Amino acid sequence: MARIELTNGRTLTPSDSGTTENIVVPLKTLVLVFVSNAATANTLASEPDITGLGIVWSKVASVTTGAASDRRLTCFWGMTVSTGATGQITLNFPGQNQDFVAWSVFAYDDIDPSNAVAQFEIATTSLPSTSISVQLGLFVNATNYLVVGAVMISQPFSVNPGAGFTKIDEVPINRPGKDGILATEDVRARNATVDWSWAGIANAAAIALELTVFEGESPEILSRRFEPILFFHKDETFFPSDAKRYLEQSALWRAENPVDQKDSWGGKGSPFPRQPLIQHGSIAALPGEPGTFLGSSPNLIHVDGEVRFLELDGWRDKTNSPQPGVTQTSQNPYANREFVAKAYDINPELRDSKFWYHSEFYTTERLDRLLPSGHDGLALVGLIHDKTRFKNPALFCYYLFFPAHDEPLGAGCNNIEAREFAGFGGEWACIAVLLDRESKIDFFEPKFIGLTSRSPSTLLAGGANPPFSFLEEPRCVMQVAQWEKTQRSGDHPKIFVGKGTHGLYIDSGNAGFHDVRLSGESYNCGRLEESPPLTEGLGSTIFAPFLKFVGGLIFGLPGAFAGLIWGLVEWADVPEPTNVNLDEPLPDEVATPGNFGKVVHPADVSITETGAEPIPWKTRQDLEIGGRRYDFLVDRERHVWWPSDDKTSGFRGRWGPIVESDPNGLRRGMVFPSFHLMFFESLAKAFATPGFFGP
Amino acid sequence: MKTWELICHHTYAGVPMLIPDLSPSSRSHGIGTGLKPSDFLANGASPGSGSLSFSRANSYVRIRSSESWSPLVGLKATVTFRHAPRPGSSLFTLVDSDAFQFQLRDDWVVAWFRSDPSSYLEISTALDAVGPQRYQAPYGQWTTLTFVHDGLSTVQIFANGQLVAQQAGPLNPVASLGSNGVFIGANSSGDFWLNGQLDDLKIWRLDPRRKDRQFLNRPLDPDDAECWREFIEKVRQALQADPACARQIGSSLEEALQRAYRSILAKGPETSDRFLHTAREYQQRWSSGNLDDPALGRLLTDLVAWLRLAGVSPESDPTIEALAKSKCVQQMISQLPSLQCDPQVDRLLAMIGSALGSGRPSSESVRNREV
């Protein structure tokens, strides 16, 4: 709710009218005008007529006070309907001069026009008094109420608002023989007693109103409204699941730098076998639930050089043998995704957590708060303030948690390095829907959709070079498309999922990847990987000559010179050799007619695609199982497994095991990315790409 | 394998005041300073392409320095713009930084590059013209200029795709960007602005990963791949354990390689051609897994002999000698496995050693000596 304070003022010379200054009222805004006037002849004060702003005004109430009822307080309301308004408000008293006319004019941008004034009451003091209160009746609205009041008193005492109320205006009337005050206040709470007090005694009259705030669509309603239909490939193993239940079944580990060495896990240098901070099945995600609370120290530490990670079912070594722990002799280069898959078949807590999403609503106000910080100098808040494109934008995000991610290398490579090349445990994906509405009392309309995938692809944008963004995880990028490009059932978009990688697409068919490699290249079927620069000052330019130098140096000084010559002949930039041994990534095999498997859908949508196995979403709010509570709406203040908005608290660790020998971070669990920032950066880039959204 | 890495791409289209970097790494977003929304125009060199007007003092786009701008070594930039005369000034800035500048000076096109340690290179269409016609940027016409510094031997300027200026010879690499970042549309003090519009700007650097990629681009059988994987892993661990040593080795080695390479280029075209021929032959064999080809041995022997005749003796490089004897390197070497598990490399090192005369013995002779 936003109050817009428009104007206040008064006339102090006898006149039969009063006129406000020029004011500007936005579209679909409720305007309240409280008028206080006093007749010059100590006779019954007339009710004002109101005109202005092209608004159709309605009187709420009018009440008099004083011995001759020569003072009057009146309330009007009106609404800008089809356009905003600019101008003055005129208050006329035909045939009767007033000693003063005072007004307090303000507005609200989210009042339901179908029942704007739900109720009103008036009150007057029978004798001069030090306070006044108006008692409203039973609240008409369950939660969407707003209480507003105005008081007129006959002395120039400063007025104190009632407990919990916020003073809006206080208009002093200093006129010999006709002093007074007009004061207004409001509160967004269930305060049925609307009151004021002042130091001294005075006659008073007051009006109180209950306004109806436009409820619009709650996050839960929005979540259900745009709930996606996910088409999975028939050979898919992992499905979106409740992250909280995964967390509860996992162990929490501590890792230090360098994180891809097992000696860095569970306390560097401590004796083997290493132990996690919290054992499997013993994490309590909420205070009071069974286990060790995730939010207690030191479980959420996330600093330079020390992070946390979750591990559900251990590791595998290069012979593909399970490695359940971290021992002196264990090899832990891969997450044991096979066991994770089995756990989701066998363990009832995990099995029942499948087909679940988490969702989060970013209101315009929250976006305004989060986006100004921007990142890397890109002031993304400018996007939501661009009134040529958006009026009241909001973002709705569906977060999909996959217990594991499969991403082998291309055909012809069947060695374990290729099969495990970019597979990991604990993956996040996101469907973001940008909504907009003409005003705060309209329903949202979807405008754009953002989808994550492992690498920029052409499937999303119909062949055009797609703009994309990534933040914490270069292996997870987001691209945007116009909502109208999606296939839908009602407001539910149909999303086609890449087998194993869980890349999300608005169309079926295999994804053609853009020639951008963000996560490091590999050669010889994944056996050799490009390494990122190792330390500051030793950039990757020098790493290969360095290897040759030390390779030669092992044979002594002459070997070092041989290594130098060896490095030198590779130092020259000569035309590229004709043989390229670079490993090619497999394109995403996206669910398509003929290979549809499970189709996860909203309960009220029928799936008619041939071969599909429909499964309704199982997401619920306030679900209780075994003394634990499960929700799908993200609450970053109460649910510590989400990073806080400012990323300074909450769980910022990895959602799957960290593994050994992973120079490019392709095989460790993901952190939860800042998907909302990814969405807006991607959208900004799409707007900056001429022709991307058409001419 | 790409030689150039795109590190900045601005289109100046889209939402006013928002200048996203469309390059893959996205580290070069533009920050508008002194600009107004009305400076962002819907049209540019073509309808709907967007452009940004720089028409007054202290208005420019700034890019923060980031790891994308370090190292640079070689740089390529393409800028599409138009400008108008400005009374009292003959200097129009396209791009400014402490590492490189692109300007119009009296309508001649000028590029300037800085190297470390401090040395400067300037090329202009006035003094380095290719052909009899010296190019001047016309007023009021959309023009695309391309500036190339290949990091080693050539600096060029192209106007609308045509080469208009060139310098050749051993070059120092372009220095990394300082902390002030890049200024677009005006110089860093804001007093020499373009007085026109920019439609599109792309900047590339020599891809710092290209050498790694060349190195990894070799077919290996699983055992040899495992040998290298283990070796690389051990080197990574050793470097991570001693970053100061890593920096010392890295900078010394780069310095020695640059010095050797530039001294070869400085010996004239015959020496550099012979060297580049050997490098091509080597890289072709490397990428095809044919390292122990005797022909390569002969080429390397001939190259070393030629270099010695030309007065270039890599085997007497004092930096390498000092480095090889340093405590940190010795400590690191003691932790590393041998590369004898890759027979081709073993033989290649032997061939180079043989070419050097006093080169390292083959593993076979090492074994014999140990006996």
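Keep in mind it's a predicted model, so treat the numbers as computed, not measured. Residue numbers begin at 1 in each chain, while the letters A, B, ... track the order of the sequences.
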**OP:** Report the residue from Thr689(A), Leu683(A), Leu378(A) that forms a side-chain contact (heavy atoms from CB on, under 4.5 Å) with Pro20(B).
**Re:** Leu378(A)

Least distance between heavy atoms, [X] atom then [Y] atom:
X        : Y         : value
Gly48(B) : Pro690(A) : O-CB, 3.8 Å
Val15(B) : Arg389(A) : CG2-NH1, 3.6 Å
Leu18(B) : Ala684(A) : CD2-CB, 3.8 Å

Original post:
Are more than 12 heavy atoms from other residues, nucleotides or ligands located less than 6.0 Å from atom NZ of Lys234(B)?
Top reply: no

Original post:
Is the CD atom of Gln330(B) crowded by more than 12 outside heavy atoms at less than 6.0 Å?
Top reply: yes

Subject >> Atom group of Glu529(A) that falls short of 4.5 Å from chain B, counting heavy atoms >> reply: backbone

Original post:
Considering residues at least two apart in sequence or located in another chain, which fulfil the side-chain contact (heavy atoms from CB on, under 4.5 Å) criterion with Ser682(A)?
Top reply: Ser469(A), Val480(A)

Measuring from atom [atom1] of [X] to atom [atom2] of [Y], what distance do you get when rounded to the nearest 0.5 angstrom?
X         : Y         : atom1 : atom2 : answer
Glu226(B) : Arg527(A) : CD    : CZ    : 9.0 Å
Leu528(A) : Asp224(B) : CG    : CG    : 10.0 Å
His29(B)  : Glu681(A) : NE2   : CD    : 4.0 Å

Tell me, side chain or backbone of [X] under 4.5 Å from chain A's heavy atoms, or both, or neither?
X         : value
Pro37(B)  : neither
Asp221(B) : neither
Glu321(B) : both
Ile19(B)  : backbone
Ile264(B) : side chain
Gln237(B) : both

**OP:** Give a yes or no on whether the backbone of Ser287(B) and the side-chain of Asn581(A) come within a donor-acceptor separation of less than 3.5 Å.
**Re:** yes

Subject >> Test item: Asn524(A) side-chain N/O and Ala225(B) main-chain N/O as donor-acceptor pair under 3.5 Å >> reply: no

With a 4.5 Å cut-off on heavy-atom pairs, point out which of [options] contacts chain A the most.
options                                  : value
Trp228(B), Phe275(B), Tyr12(B)           : Phe275(B)
Val304(B), Thr11(B), Leu216(B), Asp21(B) : Leu216(B)
Ser49(B), Pro16(B), Gly50(B), Pro222(B)  : Pro222(B)

